[in-house]
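Written out below as structure tokens is the structure these notes cover.
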Amino acid sequence: MSAVLDSGLREAELPFTSALTPPASAQSPGGRDDIRGEAAGVKWALVALAALFIGLFILLPLLNVFVQAFSKGWNAYVAALIDPDALAAIELTLLVAAVSVTANTVMGLVVAWAITKFSFPGKSALITLIDLPFSVSPVVAGLVYVLLFGAQGYFGPWLSDHGIKIIFAWPGIVLATVFVTFPFVARELIPLMQEQGTSEEEAAVTLGASGWRIFFRVTLPNIKWALLYGVLLCNARAMGEFGAVSVVSGHVRGETNTMPLHVEILYNEYQFQASFAVASLLAFLAVITLFAKTVLEARLGGQSRGH
């Protein structure tokens, strides 16, 4: 009787087992199941096409920047970088990046905390507004600040009467950069903080912890890698921003030109080697950003698995 029952059970389980186990033809040589049933030739063709595209449109231009930068030798490269106008552009770029990244880091934390930890009217509208800089052209963003703070703008006459200069000065460049880089920190934090929920903060509240103590001892350690990732992307965009900065800077040489604007001026003046020398600093920043991005993605992946 038991043999008959065992045989019946095996027959009953057979359809479910066969449904869950893919056929041998869909299994890859390495033992991993290929649920898509794609041929090896298709896979490698897609990989080769992707590699070719990246090589032609990303790696080759990036390599060409460094080749052109050193085309006249090391001395010419250094001379292009220590030129007073180039040093002024580098200094202004670092200043703008430092101010805008700091502002967006603080506000990104505030916005992400408000959205993920509280319920309030207009929450959906706030989430939508975070992505506004992604959908608005940087040139339009720069023009908006000109219309607001320029000499003929809404606040221009009042600013002029009080000796405050925003457009065609570094404050205007900072404002434009803050606008275009605002979403990066918030957009990295919101999904992670939503996934983590509020259970740990609620537990800390029941134990009598204050708001700041909860933030620094509970929330911040859980989001530190996502925060660093957002800051990294925000900094890279701030240093490389061209469109919005070009509108509000006025292109005052040695005063309101950031590195991207200085590269454009040198190139338009046919100083190709010097323009590529300054551009190589931005390209080097891109390489460093890529490396740091890879490290932080590994950290974020480990943190997600830990949760």
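Because the structure is predicted, anything quoted here is derived from the model rather than measured.
Taking CD of E264 as the reference point, atom OG1 of T258 lies at 10.0 Å (rounded to 0.5 Å). The structure places CG of L129 at 11.0 Å from OG of S124, a figure rounded to the nearest 0.5 Å. Taking OG1 of T181 as the reference point, atom CG of N235 lies at 9.5 Å (rounded to 0.5 Å). Remark: H251 NE2 to I265 CD1 distance equals 6.5 Å, nearest 0.5 Å. Here the straight-line distance linking atom CD of E201 with atom OG1 of T116 works out to 8.0 Å at 0.5 Å rounding. Rounding to the nearest 0.5 angstrom, the gap separating the CD1 atom in I190 from the CE atom in M193 is 8.5 Å.
F242 CZ: more than 12 foreign heavy atoms inside a 6.0 Å radius. More than 12 heavy atoms of other residues, nucleotides or ligands shown are found within 6.0 angstrom of CZ on F120. No more than 12 heavy-atom neighbours from other residues, nucleotides or ligands sit within 6.0 angstrom of CD on E91.
Without hydrogens or angle criteria, T206 side chain to A203 main chain gives a donor-acceptor distance under 3.5 Å. With N222 contributing its side chain and V218 its backbone, the two residues share a donor-acceptor pair below 3.5 Å. Between the K72 side chain and the A274 main chain, no donor and acceptor come within less than 3.5 Å of each other. A donor-acceptor distance shorter than 3.5 angstrom exists from the side chain of Q273 to the backbone of A69, with no hydrogens or angles considered. With hydrogens and angles disregarded, a donor-acceptor distance shorter than 3.5 Å links the side chain of K117 to the backbone of G197.
Residues I164 and W158 have side chains in contact (heavy-atom distance under 4.5 Å, counting atoms from C-beta outward). Using a 4.5 Å cut-off on side-chain heavy atoms (C-beta onward), L109 and F215 make contact. Looking at D85 and N257, their side chains never come closer than 4.5 Å, going by heavy atoms from C-beta outward. Between F155 and I166 there is no side-chain heavy-atom pair separated by less than 4.5 Å. With contacts defined as side-chain heavy-atom distances shorter than 4.5 Å, the pair P221/E200 does not qualify. Looking at heavy atoms from C-beta onward, L281 lies out of side-chain contact with M239 at the 4.5 angstrom threshold. Inter-residue side-chain proximity for L159 and I167 is flagged as unmet; no heavy-atom pair is nearer than 4.5 Å. Residues I130 and V111 meet the side-chain proximity criterion, which asks for heavy atoms closer than 4.5 Å.
Across all their heavy atoms, L81 and A277 have their closest contact at CD2-O, 3.6 Å. The shortest heavy-atom contact between L189 and A112 is CB-CB, 3.7 Å. Taking both residues in full, the closest heavy atoms of S100 and A238 are given as OG-CB, 3.7 Å, listed atom of the first, atom of the second, then distance. Between T256 and S249, the shortest heavy-atom distance links the atoms OG1-O, 2.7 Å. Listed here is the closest heavy atom pair of E241 and P260: O-CG, 3.7 Å. Between V263 and A279 the shortest heavy-atom distance is CG2-N, 3.7 Å.
Placement of L220 and V231 within a single hydrophobic cluster is found when ILVMFWY residues are connected by side-chain heavy-atom separations under 4.5 Å, directly or transitively. By the rule that hydrophobic residues join a cluster once side-chain heavy atoms approach within less than 4.5 Å of another member, L132 and V140 end up as members of one cluster. Linking Ile, Leu, Val, Met, Phe, Trp and Tyr whenever their side-chain heavy atoms come within less than 4.5 Å leaves L228 and L290 in two separate clusters. Using a 4.5 Å cut-off between side-chain heavy atoms of Ile, Leu, Val, Met, Phe, Trp and Tyr, with links allowed through other members, F272 and L266 fall into different hydrophobic clusters. V96 and L233 are assigned to two separate hydrophobic clusters, defined by single-linkage of ILVMFWY side chains at heavy-atom distances under 4.5 Å.
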> Does the side chain to side chain contact (heavy atoms under 4.5 Å, CB included) test come out yes or no for V99 and T177, once each step is laid out?
Replying inline: CA-CA 9 Å; V99 176; T177 305; over 6 Å; no

>> Using the rule given for side chain to side chain contact (heavy atoms under 4.5 Å, CB included), can you reason through I223 versus Q196, listing the C-alpha separation, both sets of side-chain angles and the distance that settles it, and then say yes or no?
In response: CA-CA 9 Å; I223 64 172; Q196 291 175 346; 3.8 Å; yes

> Does the ring-ring contact (aromatic ring centres under 6.0 Å, His included) test come out yes or no for F184 and F134, once each step is laid out?
Replying inline: CA-CA 10 Å; F184 289 98; F134 285 151; 5.5 Å; yes

> Should F284 and I288 be marked as a side chain to side chain contact (heavy atoms under 4.5 Å, CB included) after you check the CA-CA gap, both sets of side-chain angles, and the distance that decides it?
Replying inline: CA-CA 6 Å; F284 182 71; I288 296 299; 3.8 Å; yes

> Does the pair D131 and R187 meet the rule for a side chain to side chain contact (heavy atoms under 4.5 Å, CB included), with working shown?
Replying inline: CA-CA 8 Å; D131 293 331; R187 269 301 170 196; 2.9 Å; yes

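Relative ring orientation between F53 and F57 is described as tilted, the plane-to-plane angle lying within the 30° to 60° band. Taking the six-membered ring where tryptophan is involved, the planes of W212 and F216 are essentially parallel, since the angle between them stays under 30° and well short of 60°. Between Y77 and F70, the angle of the ring planes stays under 30°, which puts this pair in the parallel group of the 30/60° scheme.
Comment: E269 engages R253 in a salt bridge, judged by a side-chain N to carboxylate O separation of less than 4.0 angstrom.
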